[in-house]
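Below, chain A is the first sequence line, B the second, and so on; all start at residue 1. Side chains are part of it too, since the values below use all heavy atoms of this structure and drop only hydrogens, waters and symmetry mates.
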Amino acid sequence: MNFRKRTAVCGELRPENAGQIIVLNGWVDSTRDHGGVIFTNLRDRYGITQIVISPETQPELAARARELKAEYVIWAEGTVRMRENPNPKIPTGLVEISASDFGVINTAELLPFEISDEQLAGEELRLRYRYLDLRRPALQNNFIIRSKAYQIIHNYFAENGFLEFETPVLTKSTPEGARDYLVPSRVHKGSFYALPQSPQIYKQLLMVSGFDRYMQIVKCFRDEDLRADRQPEFTQIDVEMSFVEQNDIISLAEGLMVKLWREILEIEISAPFRRMSYREAMSRYGSDKPDLRFDLELHNITDIVCHSEFSVFALAAAEENGAVMAMNAKNCASFSRKTLDELTEHARKYGAKGLAWMKFTDGTAQSPIAKFLKDEEISAIKAKLGAEDGDLLLFGAGNWGKCCSFMGAVRLETARKSGIYENIRSKFSFHWVTEFPLLEYSEDESRYAACHHPFTSPMSEDIALLSENPATARAITHDLVVNGYETAGGSIRIHDNAVQQTMFDLLGMSREEAEKKFGFLLSALRYGAPPHGGIAFGLDRLCMLLCGSENIRDVIVFPKTTSALSLMDGCPSDVSAEQLKELGIMLAMPK
RNA sequence: GGGAUCGUAGCUCAGCUGGUUAGAGCGCUGCCCUGUCAAGGCAGAGGUCGCGGGUUCGAGCCCCGUCGGUCCCGCCA
């Protein structure tokens, strides 16, 4: 043993410990040498404790203390005592350790950046040295929260009679959904496993097996481009239940949210959460995952402007599924021309051709399109949107769905630009979006694709629509939206083989193909499948919200960059020719 | 696949319209200092301006390409 083992940690000492002789282990956070007195802050994951050495009475100790550098690992023994000058900024700030001895356990080279939450180094550098960045108290706190969440989740589901399973990671590639990560088989050259996008089919099969209540905290993999809230490998809380209807799944999920927020943040959130249909979410907020911490609702003014002389409005209104949508940005008449241009540019990114605006000041409407609108049209619009002096109205026109979604993007951007965002940072909103369309038509592939996944049950009242007008059929789905993030999603599944076959038919999948890809599931559905459904939570996004972060990398220990690289270990990387040969793989694109 | 933006000292950044020897704060090194906690004072070291090419009498700055970070669109059952 080359060090004195700690008898306390750096975050725990308080005035009541005064007089005790203790030993601390930790990292040198900083040293302040005043000549006549030397202070060293020792840090571990529990906190920071100040150690004091007095050169006058401890010349040998002081000489060694002057050799200490940032991030050395040391042990220090001493007496806890009250400080002459307390530091109210840290929990241990009332006490300090008067050192009697210390030793260096390990030295550290000069770090590539300072371990500090105050001024962050570039993210590229911090990712390259992720193990050092993870020493930062703010990041450590995120993983302490994440760890608490694991415990709460396991307990919650255990208390509710759920069994935990581990489903395979080497699985079968399926045609629907995201791009798969593939793993070549050595034994069967030319064949591949896929890493799971989610354990969807396995959990359904466990229902057929009679396990009734399944849960798993599980890694999932999707080979798609990254975002601030999306990583190629991420963690789901995967849940499936038998003999249930949608309400059972929803209330179970609500119970978990209440418990997480209560036990981690000491915030009481009220359940049941508000529910709205997909159609309502799209038409009122322009998003299937609206942020309901603020209003800025969209209004359909197609009826008011359908005969307008402003041709953009009139043409959109005349179009099939066309619409003119408007939003009242309260008190935003002060937006500059530049800000309005930026909003328009933002709308264009989401497929808008343009964005019209109208400001109300001193009782008059000021707008580039005012000259095309009749007074009665303007006053009808004003009345419908409740516009008053100081308000800014924003208008979008076009296909209803597209129009709603770019206006939804404008809604969020307006919230950011108006300062609404600043006031809602510490708020939380939870709500459900249900009744998603079962299918959406893919222009690219000239066929329907499942909105959720191909095993999602249609609403019973919409089953007839599957043959008449598939695009209008709704599914029994439930998405949990927290602060505008899709935090969980699920559905009641098809437990009837005939309905499942109908789905595959609609997806343009031949009987042979369906049999080849999903035959095992179709078989299972013929051997006594209970009605079942479930939900999967994005654990990383949940943790991000609990940590008050807007970036998923803050809650993933070793994340990838936007280009899916791991800067720390340098993957993905070359493999040897021997490895490739063993797998029967030849590269078509040698570097 | 596309758009925006960034890359200058170990770190965070400034660097004007292209013009002499590229700056600041922090950190680092040395010295001083008895109560700091972003300690303070004095002195010092430290630069392939991401990389490659081009324009120009002259490029950190302009142009083309490329690599990397971030954010977004598409994509993400």
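- When distances run from any side-chain atom of A/Thr562 to the nucleotides B/G69, B/C76, B/G35, the shortest one goes to B/G69.
- Listed pair A/Arg553 / B/C71 meets the phosphate criterion, a side-chain N or O lying under 4.0 Å from OP1 or OP2.
- Taking atom P on both nucleotides, B/A4 is separated from B/U21 by 36 Å, rounded to a whole Å.
- Dashed line: the shortest gap from a side-chain N or O of A/Asn85 to OP1 or OP2 of B/U36 is under 4.0 Å.
- Residue A/Lys69 places at least one side-chain N or O closer than 4.0 Å to OP1 or OP2 of B/U29.
- Pair assignment for B/C31: B/G41, on the basis of Watson-Crick or G-U wobble contacts that are both within less than 3.5 Å.
- Using P as the reference atom, B/C16 and B/G23 are 14 Å apart when rounded to the nearest Å.
- Listed nucleotides: B/A39, B/C28, B/C72. Nearest to the side chain of A/Leu110: B/C28.
- Contact annotation: A/Asn551 side-chain N/O to B/C71 OP1/OP2 distance is under 4.0 Å.
- Of the two residues near RNA chain B, A/Gly122 and A/Arg179, the one whose nearest nucleotide lies more 5' is A/Gly122.
- The side chain of A/Thr561 contributes an N or O atom lying less than 4.0 Å from OP1 or OP2 of B/G69.
- Within the cation-pi definition used here (under 6.0 Å to the ring centroid, within 45° of the axis), A/Arg279 qualifies as a partner of A/Trp400.
- Ring to ring, A/His478 and A/Phe436 are not that close: their centroids are 6.0 angstrom or more apart.
- Using atom C1' as the reference point in both B/C61 and B/G7, the two lie 14 Å apart (nearest Å).
- Taking the C1' atoms as reference points, B/C62 lies 13 Å from B/G58, given to the whole Å.
- A stacked arrangement is not assigned to A/His34 and the six-membered base ring of B/G40, the conditions of a centre distance below 5.5 Å and an interplanar angle below 30° not being jointly met.
- By the 5.5 Å and 30° criteria, A/Phe39 is stacked with the base of B/U36.
- For A/Glu114 against B/U12, a side-chain-to-base donor-acceptor contact under 3.5 Å is absent.
- In this pair, A/Tyr421 and A/Phe294 present their aromatic rings tilted. The plane angle is within the 30 to 60° band.
- Base pairing annotation: B/G68 forms a Watson-Crick or G-U wobble pair with B/C6, both donor-acceptor distances under 3.5 Å.
- Below the 3.5 angstrom threshold, one finds no donor paired with an acceptor across the side chain of A/Arg222 and the base of B/C76.
- Taking atom C1' in both B/G68 and B/U8, the straight-line distance is 16 Å, to the nearest Å.
- Taking atom C1' on both B/C31 and B/G15, the two are 33 Å apart, rounded to the nearest angstrom.
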Can you tabulate the close N/O pairs, meaning under 3.5 Å, that link protein atoms to atoms of nucleotides 1-4 of chain B?
unit_1: B/G1; atom_1: O6; unit_2: A/Asp225; atom_2: OD2; d: 3.4

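- Out of B/G35, B/C75, B/C72, the shortest distance to the side chain of A/Arg83 is found at B/G35.
- Taking atom C1' on both B/G27 and B/C64, the two are 38 Å apart, rounded to the nearest angstrom.
- Under 3.5 Å, the side chain of A/Glu96 and the base of B/G35 form at least one donor-acceptor pair of N or O atoms.
- OP1 and OP2 of B/A38 both lie 4.0 Å or more from every side-chain N or O belonging to A/Ser116.
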